[in-house]
Amino acid sequence: SLNLSNSDLTGEIPPEIGNLENLTHLNLYSNELTGEIPVEIGDLINLERLYLHDNQLTGSIPPEIGNLINLEELILRENQLTGGIPPELGNLEQILYLDLMFNPLGGSIPSEIWSLETLWDLWLVENELVGEIPNEVGNLINLNSLCLSQNEFSGELPISLWNLDLNTLLLSDNLFTCEIPSEISNMNELQYLHIGNNQFSSLPNSICSFDETVLNGYEDVDDDDLIWYYFSMGNNNFCNDLPECTENIGGFNYTTNIYY
């Protein structure tokens with residue numbers, strides 16, 4: 001393992017990093033690294049964890065990362081990475097955790113990503129991603145968290161989504177349309193549901209099947225008096241004919257439908 005996180009490192013990641021062929025963990029997060037991710041990082045074929053988050057890396061995600069067939073965790077969030085998500089990431093057949101949040105990545109999610117059956121957590125919050133979520137999302141049978149908030153996704157959500165046993169589903173601040181189907185009650189483990197700031201048209205009565213501690217619950221966030229509601233769904237196109245339990249949902253203002 002090579003752990004140089006929080007070490008005040010500056011400059012670029014040298015291409016010679018690719019010579020460390022026996023490396024299993026590379027931790028360079030929380031520094032001030034700049035420049036592009038070297039393509040030679042794809043030579044680290046034994047790598048299981050690659051943590052480059054919280055730096056100032058630019059350029060695109062090198063498709064050579066798709067060579068890291070033993071990779072279980074890839075965290076690139078909080079950089080300045082541009083371009084699209086490389087379809088080669090679909091080669092990461094052991095991947096458990098894929099976190100590309102807080103980058104200006106664009107384009108749609110490559111179809112290859114929906115074949116990663118080992119994936120537990122997919123975090124793509126606050127990018128510039130577009131397109132629809134395909135029915136193939138249902139292939140992610142081990143998924144625990146699907147976090148797509150603050151992008152430009154659109155269209156209807158596929159019915160296969162509601163058959164996933166998710167704990168966390170974050171879809172807020174997009175352009176999704178359609179009704180939330182009654183099948184949402186299939187998500188027995190769902191604890192965090194954020195669908196605010198979209199164009200959803202209705203909620204099913206089955207939303208009330210969730211435990212009140214989830215429907216009405218919230219957490220205080222850091223020292224800024226922010227509140228993280230478990231269920232947040234305001235600022236949509238909901239009609240007035242809503243399930244009674246929504247009157248008590250903390251993240252839903254029943255009368256004005258304002259996002260919290």
Side-chain angles (χ1 to χ4, degrees), residues 5 28-34 36-37 50-62 65 73-87 89 92 95-110 113-114 116 119-134 137 140 143-155 157 161 164 166-177 190-200 218-236 251 258-260:
S5 59
L28 300 179
Y29 62 88
S30 297
N31 284 291
E32 297 181 18
L33 296 171
T34 56
E36 298 188 3
I37 300 172
L50 177 57
Y51 300 158
L52 302 180
H53 52 286
D54 194 16
N55 279 287
Q56 300 170 28
L57 299 171
T58 56
S60 58
I61 299 172
I65 288 181
E73 299 185 16
L74 175 61
I75 306 182
L76 303 179
R77 70 169 182 260
E78 294 181 83
N79 280 288
Q80 300 167 26
L81 299 171
T82 55
I85 300 173
L89 296 189
L92 304 177
I95 196 75
L96 303 175
Y97 192 92
L98 178 58
D99 185 349
L100 308 178
M101 292 194 298
F102 308 125
N103 284 288
L105 295 170
S108 59
I109 300 175
I113 298 299
W114 308 119
L116 296 173
L119 196 60
W120 286 354
D121 296 309
L122 179 59
W123 288 82
L124 300 175
V125 172
E126 199 170 329
N127 278 280
E128 298 174 5
L129 299 168
V130 299
E132 299 188 5
I133 307 305
V137 67
L140 305 181
L143 202 63
N144 178 71
S145 300
L146 178 61
C147 305
L148 306 178
S149 295
Q150 294 176 267
N151 282 284
E152 298 178 24
F153 293 116
S154 59
L157 296 172
L161 172 65
L164 295 174
L166 298 178
N167 170 271
T168 301
L169 178 59
L170 307 184
L171 302 175
S172 58
D173 295 276
N174 280 288
L175 301 170
F176 291 119
T177 56
L190 192 63
Q191 185 172 356
Y192 299 101
L193 174 67
H194 289 189
I195 60 172
N197 286 328
N198 279 286
Q199 300 172 23
F200 293 117
Y218 64 88
E219 298 173 2
D220 293 320
V221 181
D222 52 47
D223 297 324
D224 296 327
D225 294 325
L226 296 174
I227 291 178
W228 174 267
Y229 286 106
Y230 294 162
F231 273 36
S232 181
M233 52 190 71
N235 199 16
N236 276 287
I258 295 174
Y259 177 71
Y260 283 77

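Just so you know, these numbers come straight off a predicted model, no measurement behind them.
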Completion exercise
Heavy-atom nearest pair, Glu152 first then Leu175, reads O-CD1, 4.3 Å
Fill in the blank from the handout: Output for pair (Leu89 CG, Leu74 CG), nearest 0.5 Å, gives 6.5 Å
Practice task
Locate the shortest heavy-atom distance separating His53 from Asn79; write the atom from each residue and the value.
Solution key: CA-ND2, 3.8 Å
Problem - Test log, rule side chain to side chain contact (heavy atoms under 4.5 Å, CB included), inputs Leu171 and Leu157 - result: CA-CA 10 Å; Leu171 302 175; Leu157 296 172; 3.6 Å; yes
Practice task
Decide yes or no for Ile133 and Phe153: does some side-chain heavy atom of the first lie under 4.5 Å from some side-chain heavy atom of the second?
Solution key: yes
Problem - Smallest separation among heavy atoms of Leu92 and Ile65, with atom names - result: CD2-O, 3.4 Å
Completion exercise
CD (Gln150) and NE2 (His194) are apart, to the nearest 0.5 Å, by 11.5 Å
Practice task
Decide yes or no for Ile75 and Trp123: does some side-chain heavy atom of the first lie under 4.5 Å from some side-chain heavy atom of the second?
Solution key: no
Exercise for the section: Give the C-alpha distance, both sets of side-chain angles, the deciding distance and a yes or no for side chain to side chain contact (heavy atoms under 4.5 Å, CB included) between Phe200 and Ile195. Expected result: CA-CA 8 Å; Phe200 293 117; Ile195 60 172; 3.7 Å; yes
Exercise for the section: Would you indicate whether the side-chain heavy atoms of Gln191 and Thr168 approach each other to under 4.5 Å? Expected result: no
Fill in the blank from the handout: Here the pair of heavy atoms bringing Trp114 nearest to Pro134 is NE1-CG, 3.2 Å
Handout entry: Ile113 side, atom CD1; Leu100 side, atom CG - distance, nearest 0.5 Å
Key = 8.0 Å
Problem - Shortest non-hydrogen separation from Tyr97 to Asp99 and the atoms involved - result: CE2-CB, 3.5 Å
Practice task
Using atom types as modelled and distance alone, determine if a side-chain donor or acceptor of Asn144 lies under 3.5 Å from a backbone N or O of Leu166.
Solution key: no
Problem - side chain to side chain donor-acceptor pair (under 3.5 Å) partner of Asp173, the single match among Asn235, Asn151, Asn197 - result: Asn197
Handout entry: Gap separating the CG atom of Leu116 from the CG atom of Leu140, nearest 0.5 angstrom
Key = 7.0 Å
Fill in the blank from the handout: So CG of Leu28 and OG of Ser5: to nearest 0.5 Å the spacing works out to 8.5 Å
Practice task
Please confirm whether the backbone N or O of Asp121 pairs with a side-chain atom of Ser145, one donor and one acceptor, at under 3.5 Å?
Solution key: no
Exercise for the section: Verify the distance criterion only: is there a donor paired with an acceptor across the side chains of Asn31 and Asn55 at less than 3.5 Å? Expected result: no
Problem - Euclidean distance, Ile61 CD1 relative to Glu36 CD, rounded to 0.5 Å - result: 12.0 Å
Problem - Distance-minimising heavy-atom pair for Pro110 and Pro87 - result: CB-CA, 3.8 Å
Handout entry: Qualifying residue, where the test is side-chain contact (heavy atoms from CB on, under 4.5 Å) with Phe102 and the options are Leu81, Asn127, Asp54, Val125
Key = Val125
Practice task
Using a 4.5 Å cut-off on heavy atoms from C-beta on, say whether the side chain of Gln56 contacts that of Gln80.
Solution key: yes
Problem - Exam field: side chain Asn236 to backbone Asn198, donor-acceptor pair closer than 3.5 Å - result: yes
Exercise for the section: Keeping the roles fixed (side chain from Asn167, backbone from Leu190), state whether a donor-acceptor pair exists under 3.5 Å. Expected result: no
Practice task
Would you mind reporting whether Ile37 and Leu52 have side-chain heavy atoms less than 4.5 Å apart?
Solution key: yes
